[in-house]
**Q** 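Can you keep this structure in mind? I'll have questions shortly.
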Number of protein chains: 2
Amino acid sequence: MAIELRPAIALDLWHEATLALVRLEGHDLSLRQMAILLHVYLVPPPHTVRGLAATLCVTKPVITRALDTLGEMGFVTRVRDPVDGRNVIIKRTVEGALHAERIGDLIVAVGKRI
Amino acid sequence: MAIELRPAIALDLWHEATLALVRLEGHDLSLRQMAILLHVYLVPPPHTVRGLAATLCVTKPVITRALDTLGEMGFVTRVRDPVDGRNVIIKRTVEGALHAERIGDLIVAVGKRI
DNA sequence: CTAAAACGATACGGACCCGAAACAAGGGCT
DNA sequence: AGCCCTTGTTTCGGGTCCGTATCGTTTTAG
């Protein structure tokens, strides 16, 4: 299932996709926030603050604040873990799924245009 | 030359690439800065502040500040246009070319691993 | 039952970036 | 020369995000 990309094509793809995202959303999502969003929606749950911090190699407050922002946008929800009250489970939302899908479509469109 | 990407694969690719970039550089390059860097290195010169502002749909000060940052990192240089002293030509550097190439390699590596 | 550890959220000081407006410098035209 | 337009930079007030350290809650170990 590996994708064969020659370096020049890969860079072009990334270039156009980045450009499209910057134009589309201004500054709505930073690189980190996008990484968190996609990780939550593409990797099987459950997702915790600690786990996200580990996979992104950042500190926990970064994740907390990013989740605050993503929560305000309606892209994720936080629920306390019923079996271990210390954990917080990050839940997906319809809005967030739509946004992730939108990003995927954008990349597909860019790929077609190259 | 079009790349055929199914949405799920495209999202996975973008997800892994974003994750790798976040892990690699922490917060060195924002989405806008990366868009500027790639644009300068992938589109034939000359590049001006005004032109970049138009292609990114942002204001000129944004470009000026981003070029300040990219300049401090050694990724671009600014030279006044000899024929029209109002323009500033953005020049490439060896360091910047290496960094762009590094990003390309990273995406290729991610594509192979999926 | 008490002490230590784990997890997430918050306080704080500092750094960065934003957009609008004002500013300097260059060029074109009469 | 004088005026006006273009180009890029800087200033200003405001907002966001960072990392470290600390706090509150919950769980686990002794």
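Side chains are part of it too, since the values below use all heavy atoms of this structure and drop only hydrogens, waters and symmetry mates.
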**Q** Take V88(B) and T59(A), find for each the nucleotide of DNA chain D with the closest heavy atom, and name the residue whose nucleotide sits nearer the 5' end.
**A** V88(B)

**Q** L31(A) CG to dC17(D) C1': how many Å, rounded?
**A** 14 Å

**Q** Using the ring of each side chain (for Trp, its six-membered ring), is W14(A) parallel, tilted or perpendicular to W14(B), with breaks at 30° and 60°?
**A** parallel

**Q** Where does the angle between the aromatic ring planes of H15(A) and H39(B) fall among parallel (under 30°), tilted (30 to 60°) and perpendicular (over 60°)?
**A** tilted

**Q** Can a donor-acceptor pair be found, under 3.5 Å and without considering hydrogens, that links the side chain of R32(A) to the backbone of V22(B)?
**A** no

**Q** For dG8(C), does OP1 or OP2 lie under 4.0 Å from any side-chain N or O of T64(A)?
**A** no

**Q** With sugar-phosphate meaning primed atoms plus P, OP1 and OP2, does V58(B) contact a base, only sugar-phosphate, or nothing at under 4.0 Å between heavy atoms?
**A** nothing

**Q** Could you state the atom-to-atom distance from NZ of K60(B) to P of dC18(C) in whole Å?
**A** 16 Å

**Q** Atom CD1 of I63(B) and atom P of dC18(C): how far apart are they, to the nearest Å?
**A** 9 Å

**Q** Do side-chain atoms of R50(A) reach the backbone of K60(A) as a donor and acceptor pair under 3.5 angstrom?
**A** no

**Q** Anything under 3.5 Å between a protein N or O and an N or O of nucleotides 22-30 of chain D, put it in a table, one pair a line.
**A**
unit_1	atom_1	unit_2	atom_2	d
dT27(D)	OP1	G85(A)	N	3.1

**Q** Please report the distance, rounded to the nearest Å, between CZ in R32(A) and P in dC17(D).
**A** 11 Å

**Q** Report yes or no: is there a donor-acceptor pair, N or O only, under 3.5 Å between the side chain of R78(A) and the base of dG8(C)?
**A** no

**Q** Quick check on dT16(D): is either OP1 or OP2 less than 4.0 Å from any side-chain nitrogen or oxygen of S30(A)?
**A** no

**Q** In residues 35-50 of chain B, which ones come under 4.0 Å of DNA chain D, going by heavy atoms?
**A** T48(B), V49(B), R50(B)

